[in-house]
Engineer: 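Have a look at this one before I ask anything.
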Amino acid sequence: MTDTAKPDRDEAQRLRYYSASQWTLIWWRFRRHRAAMVAATILGIMALMGVFAEVVAPYGPTSRNASYLDGPPQLPMFCDRQGCSIRPFVHGIKTERDPITLRAISVPDPETRVYVSFLARGEQVRLFGVIPTDIHLFGLDHDKARLHLWGTDDLGRDVFSRTIYATRTSLSIGVMGVLISFVLALIIGGTAGYAGGRVDGGIQRVTEVVRVVPIIPLYMGLAAAMPPEWSTTQVYFAMTLILGLFGWPTLARRIRSQLLSIRNEDYVVAARLAGARPSRIIGQHMLPSFTSFIIVDLVISFPYMILSETALSFVGLGLRPPSVSWGVMLQQAQSVRVIEQTPWLFIPAGFVVVAVLAFTVIGDGLRDAADPYSEAR
Amino acid sequence: MLRFTAERFVGMIVTMLLVSLMVFIIMELPPGDYADRYAFRKYSGTGVSVTEADIQAIRVELGLDKPMLLRYFDWIGNIVLHGDFGQAFAFETSVTKVIGDKALLTTAILFGTLIITYLVSIPIGIYAAVKRASFADYGLTTFSYLGLALPNFLLALILLYFANRWFNADIGGLFSAEMKDAPWSLAKAGDLIAHLWLPAIVLAWSAVAYQLQTVRATMSDELNKLSVTAARARGVPETKLLIKYPARLAINPVVSTIGFDVNRIFSELPIVAVVLGLTELGELLLRAYLDLDMYVAGAILLLLTFMIVFMNFISDILLAWLDPRIKLGG
Amino acid sequence: MGDLLTVENLTISFRTDEGLITPVQDVSFSVQKGRTLGLVGESGSGKSVSTKAVMRLLPGSAVIAPDTRMHYTAKDGQRVEVEKLDPRSRAIRRLRGGEIGMIFQEPMASFSPVYTIGNQMIEAIRLHREPNKRQAREIAIAMLERVGLSDPATRIDQYPHEMSGGMRQRAMIALALSAGPALLIADEPTTALDVTIQAQVLDLMRELQRDLGMGMIFITHDLGVIAQIAQDVAVMYLGTIVERGPTAEVIRDPKHPYTQGLLAAIPSLDRLNARMTPVPGDIPSPTERPTGCPFHTRCVHAIAGLCSARTPREIAPEPGRAVRCWLHDEAGRSAA
Ligand SMILES: Nc1ncnc2c1ncn2[C@@H]1O[C@H](COP(=O)(O)OP(=O)(O)O)[C@@H](O)[C@H]1O
Ligand SMILES: [Mg+2]
């Protein structure tokens, strides 16, 4: 037994060495892919904004400004009729009556200036839910006035702040969903590919069934089953579970077919003869030979997660307020009227598009880097 | 070919059975059972207080006290033998009635979308591959990336907005107001087609984006094949050459993914229906889910999936017919 | 007998990501009616690219130098200046297939897999010879029979994947000949086949060439094959023809060191298929083409200071022969 353990370790070492140099190569090629690098940077910024949401966002996601409902974005400026200043400022808000409807509306008051300050003191928040701080990336110099970079919704909530918090939620749901489906794919595809034969046949049938059901209606069915009394946290985890639960078939297929193609290679047979456990053979010997493909598949499955979450929340079957995700925010933007009157409520849609595009481009870049000889797809 | 068809047919039936089992499980998922909801819906607001015994009575009456597997066989048996999908309690009528001609509308939307998808993606994908690395090619690639990233409900809203502005037309829904409840006639069918294009474009959008990339990639591959050079060396005129040799093979992957396209279209249907105010199965499915009207939801999910499985079957047969290399024996 | 095809100063460059490469430089050769020219050289020496240029089949990234002349005498006696034709014109299409036929190394890949052999043959026949569909089919069947396929009336409706490799190559020959070309370009037609089938196909081609009175360019990397099939030979190295002349004479008395090396490496008859590097050293990549004589990096007789610096010109050491080598160009050497 001690004899056989040795080549086993050598093998692993050889593989590690081999894959290390392979990763360097992939990284080199990836860096040359300009679009993918840009996409990775954008995504990185998004992720950072999400992680540090409490500090980046000037206000809390549900905090309301009753004097600025459905207010348009306020763009910081340097000059107005009274002249220019070095510090950016916005105009104050005053209330007027709409000449036609006679409703009270908020309009900018060009007579007053409120200056923008960076690292301003504002609402007391807990960074990551623990570290208390009242420093925000930016804010207004004035106690009462609020800066609504991207305007407010019908309840007077700051769209910019909400979008930042939504970024955190949507991206994290994507990550969790992808991880869950990855684990499932690993187990299901691994079993099928390692065992082969009849086990494989059965699993293939099940995979086929899952693949054939339209995914959003399926998610909707599962989401509909969430009890209405669940807390937002419970719903959040249920959503990640739902998205992960049926995201595995594509990846499982990949793992299966790759495993099937190498299961009779010498080094795998050797490990099997040496009495290594199946999970160890798969994990230590078989997976490393196509890790890069798995990573590519994981990256390109993000868009599905993000789009699914957005779609489900959009129609009211996903996350529920007071949770805030891109889809939840877009729930307020279901009609043409919104485009006409409060188009800034669509800003989260821009985030969805950019995030999905970024993941797709990065996936393409990674694929080219991992396998320079393959054409797209 | 006959044997091949028969084999695929049996495969289709098996898949459908497994799908129905899964759908049944989903129907059973929501908390509480059908009897609870039935009682709640029937008596809520009437002032009648419902006791546990009443619910138990309903349960027995509806056969809900039987074990799950037995209920599954009842359910699927009724569907297969009598075309009976059970009761739609939110509508107080049978599911079959509720679904009725919405299934027909859905089919119309599906085929409208598929036709647009293939009419657009195949020629344009071929064009992009032939004009490889040209301005048009880069433009189309960018478009297809965008097509995959833009959530369909957003696209629907944008199109609605512009249609409203430019044509000043009410183009939401599937029928104009005066036709909505009219009996079926030629005029009504015409009205349907006049309304169909918007949902069809919205639903075709991402399918086009996806197929465009597939066609372009296959066509690029095929263009570099020796068989194309060989045909050119025989003096075959260029346009005929492109159509007969590479393009003919470039549609194979499209044919083999018809099922996926149907799947994608049905997946997006409920969401797009909300925005466009469509009155077909997708919208009904969403409403059934929100109302927890699980018999309706289950029936629709089953119908949609069966349609996908059936289109998969069709695609298999078509592909075998298109590509003589496919071994008809296996 | 008149020249069927004359190629003079053919120079081909490709625009690539690494810049302009010129894999074919200043190549001249000619093919006579009813005779076979063997084009021999290691893989990568530019044989395929040169013959594709004659058919104007090069991709858009290729540039044919302006002083290139390619003249073809058509069946009706008309002289065609091939280098002046637009590659998409009707005139070049008449040439392709109808006047010049082409056979490729891989018979499987040369056929489209989704059409029957007959479909592709009848298409070519109707383009060049016989518009009537029924008669075109008759011609196709006769041609399949001619190349030695048994039961041609059945074979004609088969798909390429239903045939064996040797049968496919025969069908490929039939396909190229069905349009009735006066010149056949065969690009390594036997390389992918195993030895016995290789010999059969070689016999068949020699016989067809003789019976149909065609001119033929036979491309191979194997001088041994040339000896069996070609009356004339041109030896190519790194995009230039280093020696040409009647096959018998070149084999009896090779002038260029590269030809000598190739000859020394001809496998014996029982090892016809074995590939070997004829001359020590590796063939340089076309991006790093040596200056002067391209062969000097591998030449044992290289003259220091001369061969690496200056390109030898083509001279005639004997009537009917030509060689590009400083060793045989005393006049040029003393001038230098
Ligand atoms: N499409 C192309 N683009 C760039 N270079 C090419 C192309 N086709 C051929 N070449 C170059 O021409 C050289 C000769 O190729 P080829 O004629 O196929 O050689 P041979 O047929 O003698 O083996 C190759 O080494 C390659 O570098
Ligand atoms: Mg070649």
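These figures come from a predicted structure and were not determined experimentally.
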Engineer: Tell me, side chain or backbone of B/F153 under 4.5 Å from chain A's heavy atoms, or both, or neither?
Structural biologist: side chain
Engineer: Mind listing the closest non-hydrogen atom pair of A/P214 and B/I308 along with its distance?
Structural biologist: CD-CD1, 3.5 Å
Engineer: If contact means a heavy atom pair closer than 4.5 Å, which residues of residues 141-152 of chain B contact chain A?
Structural biologist: B/Y145, B/L146, B/L148, B/A149, B/L150, B/P151
Engineer: Output the option from B/I265, B/L301, B/N263, B/I26 having the highest count of non-hydrogen pairs under 4.5 Å with chain A.
Structural biologist: B/N263
Engineer: If you round to the nearest 0.5 Å, how far is CD of A/E208 from CG of B/N312?
Structural biologist: 6.5 Å
Engineer: Chain B heavy atoms under 4.5 Å from A/A355: which part of the residue, side chain, backbone, both or neither?
Structural biologist: neither
Engineer: Only pairs of heavy atoms separated by less than 4.5 Å count here; which of A/V361, A/V352, A/I339, A/V356 has the most with chain B?
Structural biologist: A/I339
Engineer: Any chance CZ of A/R253 has more than 12 other-residue heavy atoms, nucleotides or ligands included, within less than 6.0 Å?
Structural biologist: no
Engineer: Only heavy atoms, only distances under 4.5 angstrom. Which residues in residues 18-25 of chain B are near chain A?
Structural biologist: B/L18, B/V19, B/M22
Engineer: Sort and list the pairs that fulfil salt bridge (charged side-chain N to carboxylate O under 4.0 Å, His left out) and have at least one residue in residues 252-270 of chain B, not counting sequence neighbours.
Structural biologist: B/D261-B/R264
Engineer: Give the minimum heavy-atom separation between A/G316 and B/L290, together with the two atoms involved.
Structural biologist: O-CD2, 4.2 Å
Engineer: Need one label for A/P303: side chain, backbone, both or neither, based on atoms under 4.5 Å from any heavy atom in chain B.
Structural biologist: neither
Engineer: Using 0.5 Å steps for rounding, measure from the CD1 atom of B/I271 to the CE atom of A/M220.
Structural biologist: 5.0 Å
Engineer: Side chain, backbone, both or neither: which part of A/I215 has an atom under 4.5 Å from a heavy atom of chain B?
Structural biologist: both
Engineer: Counting heavy atoms not belonging to A/Y304, are there more than 12 under 6.0 Å from its OH?
Structural biologist: no
Engineer: Shortest non-hydrogen contact from A/P217 to B/P270?
Structural biologist: CG-CG, 4.1 Å
Engineer: Would you please name every residue forming a side-chain contact (heavy atoms from CB on, under 4.5 Å) with B/I314, sequence neighbours left out?
Structural biologist: B/F310, B/L318
Engineer: Checking A/L317 against chain B: side chain, backbone, both or neither under 4.5 Å from a heavy atom?
Structural biologist: side chain
Engineer: With side chain to side chain contact (heavy atoms under 4.5 Å, CB included) as the criterion, how do B/L157 and A/F346 come out once you've worked through the C-alpha distance, each side chain's angles and the decisive distance to 0.1 Å?
Structural biologist: CA-CA 11 Å; B/L157 277 172; A/F346 279 101; 3.6 Å; yes
Engineer: Below 4.5 Å, heavy-atom pairs only: which of B/L286, B/L285, B/V275 has the largest tally toward chain A?
Structural biologist: B/L286
Engineer: At a 4.5 Å cut-off on heavy atoms, which part of A/L330 comes close to chain B: side chain, backbone, both, or neither?
Structural biologist: side chain
Engineer: Between B/F260 and chain A, which part of the residue has a heavy atom less than 4.5 Å away: side chain, backbone, both or neither?
Structural biologist: side chain
